[in-house]
Amino acid sequence: MEQRADFSNDNPPIGFVTGGGLEANLQVKLTVPAQTVQEGAFVVMDSGTWRFYGLVTDLQLAAVDPNYASQLNSERFSPRLGQYLNQNTLYTNLAVMPALMLDRGPDPTTPEYATWLQNRPENAKPITVKTVPDHHAPVKLADAADIAQIFGTEDGKTIFRVGETREQGHAVCLNLEKFVQRSSGIFGTTGSGKSFLARMILAGLIHANNASTLIFDMHNEYGPPSTSSDTGKPVSGLKEQFTARVRLVGLGAGTDFGALHADFNLEIAYKDLTPEDVLQLGQSLNLKETTATTLDALQNSFGEDWFTAFMQMRGKATEEDEDGKRRPAADSVEAWANEAGVHVGAAEGLRSKLSRLMNRPYLVDSPASNGLAEIINNLQEGRHVVLSFGRYDSELDYLLVTNLITRKIRDTWEAATSQFHKDKKKEPRPLVVVVEEAHKLLNREMASQTIFSTIAREMRKYYVTLLIIDQRPSQIYDEVMSQLGTRISGALGDEDDINAVLSGLAGRNALRGMLAKLQPKEEVLMLGWGVPMPIPIRSRRYDEKFWQEIHKDEVAKPATTAEYNKRLGFGDDDTD
Amino acid sequence: MSDSSRSIPIGKLLRADNSQFVAGCRVRELETPAFGSLVRASLEDQTDVYGLITNISINDDGLVRQLVSGVSIPGEYTADNRYNRNLPVEIHVLTIGFSRDGQIHHQLPPRPPLSLDQLFLCDSEEVARFTSHGYSYLRHILRLVDQPVEELLVAHLSQARRVQDSVGRPDWYEAACQRLIVLLRDDYPRLTQVLDALSELE
């Protein structure tokens, strides 16, 4: 296939390169009216054998002499002369951030073309920009083929269409395989359409099915159906659309999703609670520094059942001994503390604080079923789990449950990976843990303790990554933020939030203005490792049409039991 | 090519250099030459040198000065001085191009005209032909110092515009204005002066 034919961008030139460089942006003089080009436009520049791809980051009004700009020329002189004067002395400059370049090769009609074609590697991809186009290189808006060259063409699987370019409406895709290889984030202020964006991307992930997802659904937004904020019409949830692949789990017995029933409920056994889990609740429970020592001693004394044993102890219980003196009861905290060599006051304090945990209805001594194991199994077998918190939506519940489950996941996946490295038999299924309100779990104070920062930093080796959804990225520990791969951000107002989203990405200051000017609920900026180059897009609408498009490649669902049976192989011919 | 049957002779060369020349004429002949008109000096080697009239000067001599400071001047002295005097009216011309073998060039000619070469006023056809060749001759006008450049431009452009409109090329004037703006846009005060003057033509 003639490579050069791919590069036949038929758009008219909008300007030419006049200066600038790689450090600062390229300067382009616009030869068309300024309003035809917008900030964030994706442009291509051809120079020599290379095609450069870049993003418009600024537009500046300029004049040959400031005097021409500061007077109304058509009033100063005759209207016609004023018009000629404006045409020849006033112009607009674009600042273009160059991002990628691709070798197009020489003109196909020349003899050098054949040699070049031979030496070229198969499927050459665009590379990060390393040089600059010449002066006067023509600049054009990218066409659909250019976008497809960079971002891929929608394939109904892992190349997922997330939206289209703002100025010309060409489809822009996200490579979901790359997306799940590193932790990523979806950001935006409240009301910026973050949840709909997250839902759309999760739908894409579940449909592509290249990774499992565990969604901590704090506000019941993902599993059950919801209402579109644009149209007010109801929109399906993930469970309805992917019935077989998605498991809805309710925390605690009796938690439901409105009209939808949970597939099973999660009750956590006391013995699943480890000292690590308790320590991570330090702030919420107002634990003292002595807690760690006390917990250590408890584990030493009672092993796995330390929590049960501790909860059975009575605080400040005394009894009479043989001589009639008061002494600590045998089953009191004090008695154990003395025996274990732990400070009594500390132990008693801890006991009373931990009673808050004991009161949680989903934390039981012996749960009806092993919900935790079932969640982990489902994930390993390739299904997706949405965990709803029901009425247990306090910060304490959120912290405790998410940490506990994720810790189990970490242990399981680490073991599976080590096994895989040894015998190369079963590669662990990649897993994405979706966390909302991430700033509660990943802020600076908590970051060193929670399992989530470990996952963000290290766990991609073990096939586990995070998808953070948050409106205050500045509250998230910057070490974690800088490790994020793909970042998809809606409008952000706060300077610190903008800095946070851009952290860890070199030379991205040009994008700050763009982040602040995104249209809420409609536009987002995609950038980071998983995206070939930063690009602002109009995000795809999450509505019934979206679901029709997702499912159009699939075979129609059977309507009756007879059809179902037939599908499964039980036919009318009685050949069981 | 000189076609002396149609063109009006208006004077003879007094002195010249590569970029400008001066012709002299009698007062009687003064009706036709005008400030800013396109004129042509015919050289012996069949080259024509084109120029624009930048100045028409009438110099004084001792006799005129005496007369003027006198009490009253009899009518016949005035007439005599006007029509019989030996000092010619001087027509100063800026060279803006030449033509040889029917080909027009907007550069300065290799050699200036010589004394007593005939100066002709160009007719419409010649004006059309010279100005249709392009706009690069405008740079000669812009090179002038100590002269009212904008006045010269207005005078010349209004003549050229009339001629070009009459031969069906109304866009010539628009292109000439655009070219002027491009040539002068780095000199804001000068361009403003020129455009102020040109605005009167609208």
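Values below: all heavy atoms of this structure, side chains included; hydrogens, waters and symmetry mates excluded. Numbered from 1 within each chain, the chains take letters A, B, ... in sequence-line order.
Chosen from B:L191, B:L180, B:D186, the residue pairing most often with chain A at heavy-atom distances under 4.5 Å is B:L191.
Using a 4.5 Å cut-off between heavy atoms, A:Q71 contacts chain B through its side chain alone, with no backbone atom that close. Both the backbone and the side chain of A:N88 come within less than 4.5 Å of a heavy atom of chain B. In this structure, chain A has no heavy atom under 4.5 Å from any part of B:E200. For B:L195, the parts lying near chain A are the backbone and the side chain together; criterion is any non-hydrogen pair under 4.5 Å.
Using a cutoff of 4.0 Å between basic side-chain nitrogens and carboxylate oxygens, A:D146 and A:R51 are scored as salt-bridged.
Ring geometry for B:Y137 versus B:H156: interplanar angle over 60°, hence perpendicular rather than tilted (30 to 60°).
Between the side chains of B:S132 and B:Q164, at least one donor-acceptor pair of N or O atoms lies under 3.5 Å.
When each of B:I10, B:V22, B:I53, B:L14 is tested with B:L119 by the rule side chain to side chain contact (heavy atoms under 4.5 Å, CB included), just one qualifies, namely B:I10.
A donor-acceptor contact shorter than 3.5 Å is absent between the side chain of A:N73 and the backbone of A:L81.
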